[in-house]
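The structure appears below as structure tokens.
None of the values given here were measured: they were computed from a predicted structure. Hydrogens, waters and symmetry mates are skipped; everything else that's a heavy atom, side chains included, is used.
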Protein chains: 2
Amino acid sequence: MVTRTDAPTRREQILKEAARLFAERGFHGVGVDEIGAAVGISGPGLYRHFPGKDAMLAELLVGISGQLLTGAKRRLAEADGQTGAEAVLDSLIEGHIDFALDDRPLITLHDRELDRLRDSDRKLVRQLQRQYVELWVEVVREVYPALSEPSARSAVHSVFGLLNSTPHLGRAGTLPGRGATAELLHRMARGAFAAAGSD
Amino acid sequence: MVTRTDAPTRREQILKEAARLFAERGFHGVGVDEIGAAVGISGPGLYRHFPGKDAMLAELLVGISGQLLTGAKRRLAEADGQTGAEAVLDSLIEGHIDFALDDRPLITLHDRELDRLRDSDRKLVRQLQRQYVELWVEVVREVYPALSEPSARSAVHSVFGLLNSTPHLGRAGTLPGRGATAELLHRMARGAFAAAGSD
DNA sequence: CAGCGAGGTTAGCGGTCGTTAACCTGGAGG
DNA sequence: CCTCCAGGTTAACGACCGCTAACCTCGCTG
């Protein structure tokens, strides 16, 4: 894991705050003035960093999808041949949980504001998402050969729903600690797949 | 189950179309003119039926939460004493799946646009949602006594995420039929709970 | 058959929002 | 020291949107 030590750039600040605000109140529910205020500058100042409000959302969504896919590919490559499919599936689940727990606003945006994108950006995001899903489907079917491909795809989407539920778990603190939550989610995801695979 | 035979009222038409549009493009992304057009009247005509756009969303969300809670209470009462906790849990899961499959737009709204409500309405909806969750938590803990209350609550929220993933499953037709999908979801939900309960 | 209310219509107001224009400023480089 | 540009500022424009006002028109009903 690469740890950043240098300060975040203004662009990164903006993206982070925009993600939080978009997740809280929806893309159309947030004004550029608010985003600016959140980073200490005022509305139109944002246009020195982004061509428009749409571009911020696009960069966020493309970034999320790309990051998920890249991480999954890396995990798949790291384990290829050496370890069994079970271990790969565990690694995929772990990666997705880390993302869901560490970047809740992004997870929220990811399946909520996709339709607000320009056509070309939306196509790109959907393509990345599809690749990510297909990668999971292959691994899941290797672990549970009884699953048909459509069933496996449905199961994967459903498990994403399960893992992405983290924003609904107590807003902060009330849940039993990050480690325990991650472990609970992991067990439940495996249990859900196992139940789906007992055709 | 009560089956309606009479034609839907204009109010009901409006609510249905508004739900669909809100789910597709978000509350702020839909104009009153579009909602009107969807039922064949034009924008301001809606104000003969609702005091404002907010009121439509409020009625939808309060209706959803109330319907879910009422259904769950009924299922709990029907089985009380007679059947085991396992059967009650199965009944709850079945009811939630029916709702998720039959009213996808409402399920989408339910956890997406809550923050767009007036304070009083939002409090009411949250209270109904909380009661619904607590009802599930009690049943789940009866079936899996090893689960602590916080863990059970997290597990319930996560299973809701799983069951509410239906809008993400193929937009229509591509999934293996309603019955098979319902059964798959049911099995996965039970599997997830079982895995959570093996503390 | 007069009257009236339910349920529409169109025009338009007031506010908000994304974006652009025009201007300012501090610090780095020759 | 002059220049320039990155990164701000405020003012303002145009579009859009929720909502109201004013008006119309049926179908009941006394």
| request: Identify the 5'-most and 3'-most nucleotides of DNA chain D with at least one atom closer than 4.0 Å to a non-hydrogen atom of chain A. | output: dG7(D) to dA11(D)
Donor-acceptor contact present, side-chain [X] to main-chain [Y], <3.5 Å:
X: T70(A); Y: Q67(A); answer: no
X: R122(B); Y: L114(B); answer: no
X: S91(B); Y: A87(B); answer: no
X: T166(B); Y: A100(B); answer: yes

| field | Touch class at under 4.0 angstrom, heavy-atom based, for V39(A) against every strand present | value |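 Counting heavy atoms under 4.0 Å across all strands, no contact is made by V39(A).
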Is there a donor-acceptor contact under 3.5 Å linking the side chains of [X] and [Y]?
X: T9(B); Y: R11(B); result: no
X: S148(B); Y: S151(B); result: yes
X: N164(B); Y: H96(B); result: yes

Quiz: residues 39-55 of chain A side-chain donor-acceptor pairs under 3.5 angstrom, not counting sequence neighbours:
{"from": "K53(A)", "atom 1": "NZ", "to": "F27(A)", "atom 2": "O", "distance (Å)": "2.9"}
{"from": "K53(A)", "atom 1": "NZ", "to": "V30(A)", "atom 2": "O", "distance (Å)": "2.9"}

| field | Distance in angstrom units between L21(A) CG and dG18(C) P, rounded | value |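 Taking atom P of dG18(C) as the reference, CG of L21(A) is at 12 Å.
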Between the protein and nucleotides 6-12 of chain C, which nitrogen or oxygen pairs are less than 3.5 angstrom apart?
{"from": "dG8(C)", "atom 1": "OP1", "to": "R10(B)", "atom 2": "NH1", "distance (Å)": "2.8"}
{"from": "dG8(C)", "atom 1": "OP2", "to": "H49(B)", "atom 2": "NE2", "distance (Å)": "2.7"}
{"from": "dG8(C)", "atom 1": "N7", "to": "R48(B)", "atom 2": "NE", "distance (Å)": "2.9"}
{"from": "dG8(C)", "atom 1": "O6", "to": "R48(B)", "atom 2": "NH2", "distance (Å)": "2.2"}
{"from": "dT9(C)", "atom 1": "OP1", "to": "S42(B)", "atom 2": "N", "distance (Å)": "3.4"}
{"from": "dT9(C)", "atom 1": "OP2", "to": "S42(B)", "atom 2": "N", "distance (Å)": "2.9"}
{"from": "dT9(C)", "atom 1": "OP2", "to": "S42(B)", "atom 2": "O", "distance (Å)": "3.4"}

